[in-house]
Amino acid sequence: MTTNGGAHSELSVIAPCLNERDNLRELTDRVLKVFDERAIDGELVLVDDGSDDGTTHRIAELAAHHAPRVSGVYHEKTGGIEKAWRSGFEASRGRYVCLIDADLQNQPEDVYRLYREIKFSNVDLVQGVRSHIGRLQDGRYTLSQGLNLLLNLAFRMQARDNKSGFILTRREVLGEVLRHRNRYRYFQTFITAAAVSRGYTVREVETLFESRLHGDSFMHKRVPWKVIFGTFVDIAKALHEYRFNRYRDLVVEQIVEEKLPKNVPGPVHGPARRLYFRAYQRLMPLHHWMITRNAGYYYRVLERSQWLPPEAVRTLQEAKLRRLIQHVYWHVPYYRETMQEAGVGPEDIRTLEDLRKMPMLEKDDIRDNLYFDLLSDGRRWKDMYRIATSGSTGRPLTVMVDRHQLEYRWASTLRSQEWTGYRFGDRTVRLWHQTIGMDRSQVFKEKLDALLCRRKFVPAFALDDAGIHAMERTIRSHEPRLVDGYAESFSYLARRGVDPSVRSLGIKGLMSSAQTLDDQTREKVEEAFGTKVFDKYGSREFSGIAYQCEAQNGLHVAAESYHVEILVDGRPAEPGELGEVFITDLTNHVMPFIRYRIGDLAYAIDNSKPCECGRGLPRIGAVEGRVQSMVVGANGVGMPGTFFSHVLKDYGYAFQRYQVEQTRPGQLVFRYIPAGRFHPRFLDEVFGVFRQYLGEEMEIRAKAVEQIDMVGTGKFRSVVNRMDLDYQELGDVFDPRAVSG
């Protein structure tokens, strides 16, 4: 569903007309009178739906006389009320759109009552409920009441008048509501069900409903059997779309259908594997605590959308961004207040460049506003999931995500795993924490999911000699096609050594996350396992954000879910420049993240040059770690944590493991576990290189230790800065790739 990006009226009233010649003059006069008396910058769009009674000529007369406030749209053939709505919508210019029948049964004066209600309440859609006052209670009334009861039962609603097509809503909302997958004879029956299933809020307003004086209703027969039969067929389709498959995001699917080239790679699964996947998808409520089988639908869409050209991916992101901005302005108090303070309205954010007008979201903003102002006022608690993170500075952070975002997470992860050569159903081994922090029910589901996915776990925090031997036995017996885990775990295994038999197992790929492997360690890991490493960049707040493909040229952003900015001094980083990462989550509406300062550093990449793999998803360069993994030198230069891994990569014989900590400027502590050939002179050599880049006045204290612990989930932080750093105000930052020592 396309929208008029140049909308500049306040309110568009759209009236489908099928043989309504005798009603149009009065309808027009009364609607324009409402605009005049209420000082509304409005327009009336009359849509002739293939009339044969002179309606076409009457619309042309009215449009000429009242231009530009009245305009006409003309269909050569009758297409039905939904087609008329769509044509009128595409021709309209209003920020708000009202749909009204042209037969004057709904009163034009009530347009203002609906408009006033939506402005007062901030709901997404207001529906005019046909009042019993003066309403003829004939056979059609009985059928209407019976249909309303049936729709409420079918869709678990409590609407007083589902069938009423007299609605007023914001422009972006109507565009989403009119987007659906199935074909319906009488889509107007499901306008409210469609809105609710998309997560929109609805308010009802009682309005007068009078008998028709001119023309005939399409239900003028005593018992309209054809209409009744068609409605029951429609209800069956709508149940599938709006109740059993709630929250489906059709933006991606529509753009895929419109923009996907015909010569893209086809599905890679055979019939048996597709059957296996469908069975797994059907059982999702059993082995996932929030995700439904809709995740399988998203996966199938993402499997195709990855091949969209870059300009189509951008179109997709901007469509989702516009809906997100509309949502946060009207339903998330924190964003409405910050946008108003910045002088930004929802109409001002339409492109990815416009997003720079939005304020940044800091972690402290989340802590201060978590349970009230940052949560959507239309939230459904049963569709929310609480995630706790350790925080980059040791301060815990709690965030909320919705079911829709979790389903996108799952789909994006599976898609990226298949970039390694893995296919759903292949055996996998995961170096992970497995069940830390889970309750009994979640542990059961996690283990059942692992069984169904043919996945084995190896504890990432127990890689001592016994743990490594157990891991090697697990890998040899399970024969996985994919091994994934933390980069630090792979790095430790490469240093420690892996049984040579592992190389011959035919592992397709290693998926490495949490930290970045330096080139030398990466080569050792690939040599040890006999396969390629594929980097994954993610976080607890979002799971996987960007993934490496087979071309190994940067990491593709999961752009259907996230928009990633890399900023230096508040501006976009140039290709090859190191900057700070900011994330906008395009799927999580319950607690939106817009320009979220996640605290990571990454290189920008030139996305004007397409990736060799053929995917149109934007890319970022290597992730250099966290802002809180930087050290500020005595010379004032900011040094990313990977600087130390570059310097120490050739000192494996001297240091088994190290950790750099800074608590104040000009000073750092270097903790290390001595290796077999350690000698104090190696400390002098290493510290000399440190001071070459950090300043000769840099105070460095060495501490030999017996153990440097990982955090509880198996991660390890080799550089920790306890100071309060702001990368955007840091000044000079050294590029670790330039280290020569």
Side-chain angles (χ1 to χ4, degrees), residues 420 431 460 463 468 471 483-500 502-503 507 509-537 548 550-555 576 578 601-603 605 620-626 629-631 639-660 670-679 681-690 692-694 708 710 714-719 734-741:
T420 69
L431 310 179
L463 291 180
I468 290 176
M471 180 211 69
V483 178
D484 74 305
Y486 293 128
E488 176 59 26
S489 299
F490 286 127
S491 177
Y492 180 77
L493 289 170
R495 293 195 304 269
R496 162 66 172 71
V498 179
D499 192 298
V502 171
R503 284 183 51 84
I507 299 171
L510 308 175
M511 183 165 279
S512 171
S513 61
Q515 289 149 340
T516 301
L517 295 170
D518 62 70
D519 292 341
Q520 185 181 54
T521 303
R522 190 186 187 96
E523 290 176 7
K524 289 181 179 179
V525 171
E526 291 182 339
E527 173 65 23
F529 285 87
T531 191
K532 293 172 70 173
V533 171
F534 294 78
D535 288 332
K536 168 186 174 181
Y537 168 53
Q548 203 166 37
E550 60 272 23
Q552 308 261 298
N553 182 15
L555 292 88
L578 184 67
L601 301 174
Y603 291 100
I605 202 167
I620 60 174
V623 178
E624 281 291 332
R626 302 193 65 81
S629 292
M630 295 186 68
V631 166
M639 189 66 66
T642 49
F643 160 79
F644 298 96
S645 63
H646 281 287
V647 173
L648 293 164
K649 65 181 183 297
D650 296 323
Y651 285 88
Y653 54 83
F655 308 106
Q656 288 187 40
R657 181 167 291 181
Y658 71 90
Q659 185 178 68
V660 176
F670 181 77
R671 297 184 183 87
Y672 65 94
I673 301 174
R677 290 185 284 170
F678 171 79
H679 190 279
R681 66 183 174 85
F682 296 136
L683 287 173
D684 295 334
E685 291 180 12
V686 169
F687 292 173
V689 178
F690 289 176
Q692 178 183 343
Y693 293 95
L694 296 172
I708 299 176
M710 295 182 180
K715 295 180 184 178
F716 173 75
R717 295 176 61 195
S718 57
V719 181
F734 183 80
D735 189 339
R737 297 174 298 183
V739 175
S740 58

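Quick caveat: nothing in here was measured; it's all calculated off a predicted structure.
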Taken in chain and number order and not counting sequence neighbours, the residues that satisfy side-chain hydrogen bond (donor to acceptor under 3.5 Å, both in side chains) with Arg677 are none

Taking the side chain as every heavy atom from C-beta outward, state whether Leu601 and Met630 have any atom pair closer than 4.5 Å. yes

For Leu555, does its backbone N or O pair with a side-chain atom of Gln548 as donor and acceptor, under 3.5 Å?
no

Paired with Phe644, the ring pair (Phe, Tyr, Trp, His ring centres under 6.0 Å) test is passed by just one of Tyr693, Phe687, Phe690, namely Phe690

Practice item. Name the orientation class of the two ring planes belonging to Phe670 and Tyr658 (parallel below 30°, tilted from 30 to 60°, perpendicular beyond 60°). Key: parallel

Rounded to the nearest 0.5 angstrom, the CG-CE distance for Asp499 and Met471 is 9.0 Å

### Message
Main chain of Val533, side chain of Gln552: is a donor-acceptor contact present, judged purely on distance under 3.5 Å?
### Response
yes

Taking every heavy atom of Leu510 against every heavy atom of Thr531, the minimum-distance pair comes out as CG-CG2, 3.6 Å

Between Ala654 and Phe682 the two heavy atoms that sit nearest each other are CB-CD1, 3.7 Å

Residues passing the side-chain hydrogen bond (donor to acceptor under 3.5 Å, both in side chains) test with Glu550, sequence neighbours excluded, are Arg615

Practice prompt. Give the C-alpha distance, both sets of side-chain angles, the deciding distance and a yes or no for side chain to side chain contact (heavy atoms under 4.5 Å, CB included) between Phe490 and Thr521.
Written response: CA-CA 9 Å; Phe490 286 127; Thr521 303; over 6 Å; no

dist Leu683:CG -> Tyr672:OH (nearest 0.5 Å) comes out at 4.5 Å

>> Counting neighbours of CG on Asp519 that are heavy atoms of other residues, nucleotides or ligands and sit closer than 6.0 Å, is the number greater than 12?
In response: no

Rounded to the nearest 0.5 Å, the CZ atom of Arg503 sits from the CD atom of Glu526 at a distance of 10.5 Å

- Message: Any side-chain to backbone donor/acceptor pair from Gln659 onto Arg671? Under 3.5 Å, distance only.
- Response: no

Nearest heavy-atom approach of Leu517 to Val525 is CD1-CG2, 4.5 Å

Rounding to 0.5 Å, atoms CG (Asp535) and CZ (Arg522) come to a distance of 4.0 Å

Between Ser512 and Phe534, does the side chain to side chain contact (heavy atoms under 4.5 Å, CB included) criterion hold? Intermediate values first, please. CA-CA 6 Å; Ser512 171; Phe534 294 78; over 6 Å; no

Which class fits the ring pair Phe655 and Tyr651: parallel under 30°, tilted 30 to 60°, perpendicular over 60°? tilted

With a 3.5 Å distance limit and no angle check, can you tell me whether Ser629 reaches the backbone of Gly641 through a side-chain donor-acceptor pair?
no

